[in-house]
**Student:** 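Submitted below is the structure of interest, expressed as structure tokens.
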Number of protein chains: 2
Amino acid sequence: MDRDQTDRDGETPARPTLKTLAFMTGLGVTTVSRALKDAPEIGAETRRRVQLVARQIGYRPNRAGVRLRTGKTNVISLVLNTEREIMSFVSDIIYGVSEVIADTPYHLIVTPYSRSQDPLDPIRYLVETGSADGIIISRTQPDDPRARYMLERGIPFATHGRTDMGLVHPYHDFDNYAFAGEAVRYLASIGRSRLALVTPPVGLTYYGHTLNGFADALSDVGASEVPFNTVSIDQSIEQIRMRTAQLMQRRDRPDGFVSSAAAATLAVVAGIEDAGLKLGRDVDVVSKQSSELLHLFRRELLVVNENFRLAGSELARSVLGWIGGSEPGSLQSLSKPSEVLPYRG
Amino acid sequence: MDRDQTDRDGETPARPTLKTLAFMTGLGVTTVSRALKDAPEIGAETRRRVQLVARQIGYRPNRAGVRLRTGKTNVISLVLNTEREIMSFVSDIIYGVSEVIADTPYHLIVTPYSRSQDPLDPIRYLVETGSADGIIISRTQPDDPRARYMLERGIPFATHGRTDMGLVHPYHDFDNYAFAGEAVRYLASIGRSRLALVTPPVGLTYYGHTLNGFADALSDVGASEVPFNTVSIDQSIEQIRMRTAQLMQRRDRPDGFVSSAAAATLAVVAGIEDAGLKLGRDVDVVSKQSSELLHLFRRELLVVNENFRLAGSELARSVLGWIGGSEPGSLQSLSKPSEVLPYRG
DNA sequence: GTGACAATCTGTAACGTTTCAGTGTATGGG
DNA sequence: CCCATACACTGAAACGTTACAGATTGTCAC
């Protein structure tokens, strides 16, 4: 006999709540609440009855109610830098995350920050306002203040890329050491011996991984490095292109490139051609790519695929796992690069 | 003398709430609440005092509390199809939206749906669970059930692309009629007269716009169309490539293409070259692009830029405007294409 | 018949916010 | 001196949920 339960004349019926369910089943709200989450002290039949009715009328717990009472937000936040990466893999990561959280109660919120900001700002905001149960970050550094902060505050997170602080936390990473190594070995196998590396952004962990993989493989195969330190993949297309062209006009120019990103590769190839040289004849380029488009660009390009959708899924799984109580150390994964793929394989 | 306000020994101090503020200022929570939102019935000095203290201790309203009490979520949802568009503009839209909501209390949640689902599903979910104050959708159709549904339910939204149902709602659109027209006129101006169109996905509104712009300009300049209906930009790279190659082997092949998306353009060019023809000599291609990469791909390509970051910003502004009470009809914008840009201009 | 105990259910309070309906105090008109 | 009124502030209730501390049965041992 609860006036609250009547639809105000003709309007959309109010969303069902526990109270609605309690009224319909003749039980108390407490009982309904527990019945819905299979608590043991509820009779089997009551439980079934409540769940049936709930399903019938399409009951959905009110997120604000749960969040206010329990502090649980059912939100995962993906923290992104808004000013990097042209040919963007961001959508792939998002889709990967989405895939995993699709049949959970979790929502994905995107928290951006700009170049000018302290990368710690968005993290602090999320933690201080309790806006998420878990956080995913990228552009990870060997000594990453964000990871340190989140560990201190005890909030579950996963990093795209590893850290090197002697602290254990979930991550997903692509094996850039292996990538650089295989790239070098492949170039050596087709007779290239003077190699240049288009590095990841200086300061990120995988910068080091890539450098090491490159260097180790170089000495392995007895090839030599042509220093190209003035360039990294987060520079503008124009800069990379110009510097590549300059490099290729020198007498001691490289005959092979290893590039850490597709967009940079486009610029490198443009620079090579600006210098009047020809891909596949004067120089070969191995590049990482995240979409299968580089082989359309120049058929002579050699590519290694990195799957960002997979990264997104793994990262989501890791955070959810940590939230669910798994050991952080058990939620780490490393993704192996595909073989180097020439266009005609 | 409220025990709640004491930090439990050494732990992180609890987040300040209205109660904390009330305790510190010696006022009632009601007064504090009103003082913070500049209600007129609060004394000027009290107001200043409360706001000062709030700022000092970094008070942030609890989202769950507000949401539960008022129903306001402070959330905008971007609804995305997870299985289309390879060279993805999604990140740009997200960044555009982020830019606008950055200094508002709004959060951005990404709500995905897959090809297999009814596109209405995610919308229904959002509306029924009251998970967002405003919604942004893309892949808009002339008669769009999602727009119709949201209008019925009275939830603010904006569409990326227009509808054609005689109903008024906020949108942002790129002027694809103008794009196709200018593309045709440019091709005609350099002597091309047999043109093919790589269309947007059939069924979306801008498919029609593009077709009309193409057709109208064709008859304007007296060029003719080479039918290429078997291809649209949401097909796979391989399909587009193959069909382009087939088309180019026919005697009545086109000498010009207008392409609605960069990824498709890569495939078209590959197909052209598969057929042994040369871009810029045998055929010219005008393509839309969202990142400045196509000119690196083939310098002979002619491009028109579409700015998705701008689209994201405009869409966000529109939704926020509608939420804020503006007239839906005043929240519509159309973005003009850049001129056709040859690589050497 | 009593007490113990398990099984099943329930009311109340609390999370943080805003709204409603006041309360108390000063000011001014008559 | 009283009443009206404006002003500045306040307590209680409510949003939907869960946790805590019971309450009501029925069963069984003794």
Side-chain angles (χ1 to χ4, degrees), chain A residues 2-5 8 13-51 54 57-75 105 128-131 133, chain B residues 2-5 8 13-51 54 57-75 105 128-131 133:
Chain A
D2 196 327
R3 190 158 44 78
D4 294 359
Q5 299 309 329
R8 302 81 134 205
R15 251 182 93 191
T17 69
L18 287 183
K19 206 161 142 195
T20 320
L21 244 38
F23 176 70
M24 293 180 73
T25 55
L27 297 163
V29 289
T30 306
T31 312
V32 172
S33 172
R34 315 195 84 156
L36 287 176
K37 44 176 60 74
D38 284 321
E41 63 268 52
I42 302 297
E45 203 209 302
T46 307
R47 190 157 49 210
R48 273 203 315 274
R49 200 159 58 87
V50 171
Q51 290 177 356
I57 66 175
Y59 167 78
R60 308 268 203 158
N62 179 306
R63 310 191 118 236
V66 175
R67 180 164 169 178
L68 182 55
R69 176 67 236 237
T70 64
K72 180 137 213 274
T73 61
N74 284 309
V75 163
E128 284 174 8
T129 62
S131 288
D133 296 336
Chain B
D2 196 327
R3 191 159 42 79
D4 294 359
Q5 297 310 327
R8 303 77 136 206
R15 249 183 93 190
T17 70
L18 287 182
K19 208 161 139 193
T20 320
L21 245 38
F23 176 70
M24 293 180 72
T25 55
L27 297 163
V29 289
T30 306
T31 311
V32 172
S33 172
R34 315 192 86 154
L36 286 176
K37 46 177 57 77
D38 285 321
E41 63 270 51
I42 302 295
E45 203 209 302
T46 308
R47 188 156 51 212
R48 273 204 313 275
R49 201 159 59 88
V50 170
Q51 290 178 355
I57 66 174
Y59 167 77
R60 306 268 203 161
N62 179 307
R63 309 191 117 237
V66 175
R67 181 164 169 178
L68 182 56
R69 176 65 234 240
T70 64
K72 179 136 214 275
T73 61
N74 284 311
V75 163
E128 284 174 8
T129 61
S131 289
D133 297 336

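The sequence lines fix the lettering, A, B, ..., with proteins before strands; numbering per chain opens at 1.
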**Student:** To the nearest 0.5 Å, how far apart are CG in A:L18 and OG1 in A:T25?
**Tutor:** 10.0 Å
**Student:** With sequence neighbours excluded, tell me which residues meet side-chain hydrogen bond (donor to acceptor under 3.5 Å, both in side chains) with B:N74.
**Tutor:** B:K72
**Student:** Could you check which residues of residues 33-48 of chain B get a heavy atom under 4.0 Å from DNA chain D? Sort them by number, please.
**Tutor:** B:R34, B:E41, B:I42, B:G43, B:T46
**Student:** Return the nearest nucleotide to the side chain of B:R69; candidates are C:dT18, C:dA13, D:dC9.
**Tutor:** C:dT18
**Student:** Is there a side-chain contact between B:L68 and A:R67 in this structure, where contact means two heavy atoms from C-beta onward sitting under 4.5 Å apart?
**Tutor:** no
**Student:** Distance check needed: C:dT17 C1' versus A:R63 CZ, whole Å only.
**Tutor:** 19 Å
**Student:** List the atom pairs, with distances to 0.1 Å, where a side-chain N or O of residues 29-36 of chain A and a protein N or O form a donor-acceptor pair under 3.5 Å, not counting sequence neighbours.
**Tutor:**
| unit_1 | atom_1 | unit_2 | atom_2 | d |
| --- | --- | --- | --- | --- |
| A:R34 | NH1 | A:E41 | OE2 | 3.2 |
| A:R34 | NH2 | A:E41 | OE2 | 2.8 |

**Student:** Report the residues that fulfil side-chain hydrogen bond (donor to acceptor under 3.5 Å, both in side chains) with A:N62, sequence neighbours left out, ordered by chain and then residue number.
**Tutor:** none
**Student:** To the nearest 10 degrees, how far apart in direction are the end axes of the helix from C:dG1-D:dC30 to C:dG30-D:dC1, each fit to five base pairs?
**Tutor:** 70°
**Student:** By nearest atom, which of the nucleotides D:dT18, C:dC9, D:dG16 is closest to the A:L27 side chain?
**Tutor:** C:dC9
**Student:** Rounded to whole Å, please give me the gap between CG in A:L21 and P in D:dT18.
**Tutor:** 12 Å
**Student:** Please compare B:G26 and B:L68 by the position of their nearest nucleotide in DNA chain D and report the one closer to 5'.
**Tutor:** B:G26
**Student:** Using atom CG of B:L18 as one end and atom P of D:dT10 as the other, report the distance to the nearest whole Å.
**Tutor:** 13 Å
**Student:** Taking A:R47 for the side chain and A:A39 for the main chain, is one N or O donor matched with an acceptor at less than 3.5 Å?
**Tutor:** yes
**Student:** Could you tell me whether the side chain of A:R15 and the main chain of A:R60 form a donor-acceptor pair under 3.5 Å?
**Tutor:** yes
**Student:** Can you figure out which of C:dC15, D:dG16, D:dT18 approaches the side chain of B:K19 most closely?
**Tutor:** C:dC15
**Student:** Using atom CG of B:N74 as one end and atom P of C:dG16 as the other, report the distance to the nearest whole Å.
**Tutor:** 18 Å
**Student:** Please pick, from C:dT10, D:dG16, C:dT19, the nucleotide with the shortest atom-to-atom distance to any side-chain atom of B:T30.
**Tutor:** C:dT19
**Student:** Which nucleotide wins on minimum distance to the side chain of B:T31, given the candidates D:dC9, C:dT10, C:dT18?
**Tutor:** D:dC9
**Student:** Please state how far atom CZ in A:R67 lies from atom C1' in D:dA19, giving the value in whole angstrom units.
**Tutor:** 20 Å
**Student:** Any base atoms under 4.0 Å from A:G65, or only sugar-phosphate, or nothing? Heavy atoms, all strands.
**Tutor:** base
**Student:** Please report, rounded to the nearest Å, how far the C1' atom of D:dA8 is from the CZ atom of B:R49.
**Tutor:** 13 Å
**Student:** When you compare the side chain of A:T73 with that of B:R63, does any pair of heavy atoms fall below 4.5 Å?
**Tutor:** no
**Student:** Just to verify, what does A:R69 make a side chain to side chain contact (heavy atoms under 4.5 Å, CB included) with, not counting sequence neighbours?
**Tutor:** none
**Student:** Base, sugar-phosphate alone, or nothing: which one does B:T70 contact when heavy atoms must sit under 4.0 Å apart?
**Tutor:** sugar-phosphate
